[in-house]
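Input: a single structure, listed below in structure tokens.
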Number of protein chains: 2
Amino acid sequence: MIGFLGEYEATLDAKGRFLLPAGFKKQLPANNPTHFVINRGFEKCLTLYPIQSWEPIFSEISKLNDFDPKVREFRRYFLNGATYMESDSAGRLLLPKNLMEHAGLDKDIVLVSAVNKIEIWDKNKYQKFFETFTPESFSDLANEVMNNENK
Amino acid sequence: MIGFLGEYEATLDAKGRFLLPAGFKKQLPANNPTHFVINRGFEKCLTLYPIQSWEPIFSEISKLNDFDPKVREFRRYFLNGATYMESDSAGRLLLPKNLMEHAGLDKDIVLVSAVNKIEIWDKNKYQKFFETFTPESFSDLANEVMNNENK
DNA sequence: AAAATAACACTTTTTCCCACTTTTTAAGCA
DNA sequence: TGCTTAAAAAGTGGGAAAAAGTGTTATTTT
């Protein structure tokens with residue numbers, strides 16, 4: 001399985017393209033290093049899936065029962081932002097405009113590891129997120145999350 | 001199998017035609033990229049089936065027991081709007097008027113992936129649909145839908 | 001030297017508009 | 001009434017201009 005580490009910055013050009021930071025490039029799977037799916041994140045950010053990470057998710061979704069209204073609702077929300085992307089000859093990725101809006105991206109962005117995918121944040125919003133976080137609250141959260149896991 | 005991704009906008013011209021967005025065009029099956037069936041959606045929207053996606057559904061429906069009044073009722077409703085469509089020389093699709101009414105389409109429309117087919121919404125109605133959705137409610141829904149699957 | 005950014009040229013897609021054909025509707029008349 | 005014709009509406013096809021997207025090269029930064 002793919003496992004990303006680290007956090008890198010990048011900038012969007014006038015057309016909404018950005019260069020995948022070299023740090024992440026090195027961590028991409030060897031076979032399909034140019035194929036991605038990008039989607040809305042649960043928070044005000046985007047989620048970038050290398051194609052290998054996306055496929056099992058999509059496969060799950062396509063098995064759901066289409067006659068269940070909840071399924072349709074979920075699917076609509078989940079798939080609406082998902083967009084297939086391929087990096088261009090210069091290794092850049094072009095962000096769809098609706099997703100840029102969703103995440104409130106401007107010019108400076110931050111790419112953060114999220115295990116088998118990468119989250120994309122607006123730099124300012126990302127910093128603010130951290131400012132609201134004290135070491136203690138982080139410690140509490142860690143305790144809660146990691147404990148539930150082991151029960 | 002066909003699997004669509006993403007959400008794209010289009011506009012209807014005075015005659016009720018729209019251009020299938022390039023983003024979806026690329027995802028169409030190579031063999032019959034101009035043949036569709038369009039139908040009422042369960043919600044206030046339309047469902048556009050590439051012909052390959054329609055055929056298995058139609059086949060399912062034709063197998064149902066005709067002596068069951070509920071079957072006849074369902075079939076009547078489901079098939080009543082279904083219309084065969086072919087895109088014209090410029091790649092445009094002409095919407096039947098009765099279906100435009102059903103979905104309350106005006107000028108601006110949104111096309112959204114529904115795995116092997118595409119939903120067509122009025123832009124305003126679609127936006128309202130999303131406004132009623134908080135990240136938490138989506139998260140709950142996702143949890144519910146994807147959990148049922150694993151039981 | 002490698003990576004990131006900026007600038008530019010080019011191609012594709014989209015939009016908007018107009019002209020033409022076919023079908024439908026309405027109207028006139030024997 | 002039934003036929004014919006005119007008018008209107010609906011549907012189709014295509015082209016030009018604008019916008020969006022893509023690729024390349026050069027320059028700057030680290």
Side-chain angles (χ1 to χ4, degrees), chain A residues 4-28 33-38 46 48 81-102 105-113 118 120-123 126, chain B residues 4-28 30 33-38 46 48 81 83-103 105-113 118 120-123:
Chain A
F4 289 108
L5 279 185
E7 166 195 317
Y8 301 87
E9 296 191 1
T11 52
L12 299 181
D13 69 13
K15 291 157 185 169
R17 297 179 294 188
F18 68 96
L19 200 57
L20 199 65
F24 276 133
K25 244 187 235 165
K26 286 177 202 147
Q27 302 179 45
L28 286 172
T34 58
H35 296 205
F36 300 86
V37 169
I38 195 164
L46 305 180
L48 184 67
T83 308
Y84 177 76
M85 282 174 123
E86 216 166 318
S87 54
D88 70 14
S89 61
R92 291 172 300 191
L93 290 167
L94 175 70
L95 287 177
K97 269 191 301 288
N98 55 343
L99 292 187
M100 281 183 60
E101 271 172 41
H102 168 78
L105 303 185
D106 184 27
K107 183 163 170 37
D108 294 311
I109 62 174
V110 182
L111 295 100
V112 199
S113 161
I118 296 171
I120 300 177
W121 288 82
D122 178 72
K123 190 178 169 187
Y126 188 68
Chain B
F4 290 109
L5 277 188
E7 164 198 309
Y8 301 87
E9 295 190 3
T11 51
L12 299 180
D13 68 14
K15 291 150 187 172
R17 297 179 295 186
F18 68 96
L19 199 57
L20 199 65
F24 277 133
K25 246 187 234 164
K26 287 178 201 147
Q27 302 178 45
L28 286 172
T34 58
H35 296 204
F36 301 87
V37 168
I38 195 164
L46 304 180
L48 183 66
T83 310
Y84 176 75
M85 280 175 124
E86 214 166 319
S87 55
D88 72 12
S89 62
R92 290 172 299 194
L93 290 166
L94 175 69
L95 286 178
K97 268 193 299 291
N98 55 339
L99 292 187
M100 280 183 60
E101 274 172 37
H102 168 78
L105 303 185
D106 184 27
K107 183 165 170 37
D108 293 310
I109 62 173
V110 181
L111 296 100
V112 204
S113 163
I118 296 170
I120 301 177
W121 288 81
D122 177 71
K123 190 178 169 187

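Predicted model only: the values in this text are computed from it and were never measured. To find a chain, count down the sequence lines: A is the first, B the second, and so on, and within it residues start at 1.
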Whole-Å distance separating the CG atom of Leu95(B) from the P atom of dG11(D): 11 Å

Would you find a donor on one side and an acceptor on the other, under 3.5 Å apart, between the side chain of Gln27(B) and the backbone of Leu5(B)? yes

For nucleotides 21-27 of chain D, give me one character per nucleotide, 5' to 3': B if any protein heavy atom sits under 4.0 Å from the base, S if the only such contacts are to the sugar-phosphate, - if neither. SBBB---

Interatomic distance where CD belongs to Glu86(B) and C1' belongs to dT12(D) [whole Å]: 13 Å

State, to 0.1 Å, how close Asp88(A) and Arg17(A) come at their nearest heavy-atom pair, and which atoms those are. OD2-NH1, 4.3 Å

Determine the interplanar angle of the Tyr126(A) and Trp121(A) rings, folded into 0 to 90°, and report it as parallel if under 30°, tilted if 30 to 60°, perpendicular if over 60°. tilted

5′-ward residue of the pair Gly23(A)/Gly23(B) relative to DNA chain C: Gly23(A)

So, applying side chain to side chain contact (heavy atoms under 4.5 Å, CB included) with Phe18(A), which one of Asp13(A), Leu94(A), Thr11(A), Leu93(A) is it? Leu93(A)

Nearest-Å distance, CG (Asp108(B)) to C1' (dT15(C))? 13 Å

Locate the shortest heavy-atom distance separating Phe24(B) from Val112(B); write the atom from each residue and the value. CZ-C, 4.0 Å

Output for pair (Ile118(A) CD1, Leu20(A) CG), nearest 0.5 Å, gives 5.5 Å

Whole-Å distance between dG11(D) P and Leu12(B) CG? 13 Å

Mind checking the CG-OG1 spacing from Leu95(B) to Thr83(B)? Nearest 0.5 Å is all I need. 9.5 Å

Taking every non-hydrogen atom, the tightest pair across Asp106(A) and Leu12(A): O-CD1, 3.5 Å

Would you check if Tyr84(A) and Lys26(B) make a side-chain contact, meaning some heavy-atom pair closer than 4.5 Å? no

Let me know the distance between OH of Tyr8(A) and C1' of dA2(C), rounded to the nearest Å. 15 Å

Which angle, rounded to 10°, do you find between the first-five-pair axis and the last-five-pair axis of the helix from dA1(C)-dT30(D) to dA30(C)-dT1(D)? 20°

Return the value, rounded to whole Å, for the distance between atom CZ of Phe24(A) and atom P of dA4(C). 12 Å

Expressed in angstrom and rounded to an integer, what is the separation of Leu19(B) atom CG from dG13(D) atom P? 14 Å

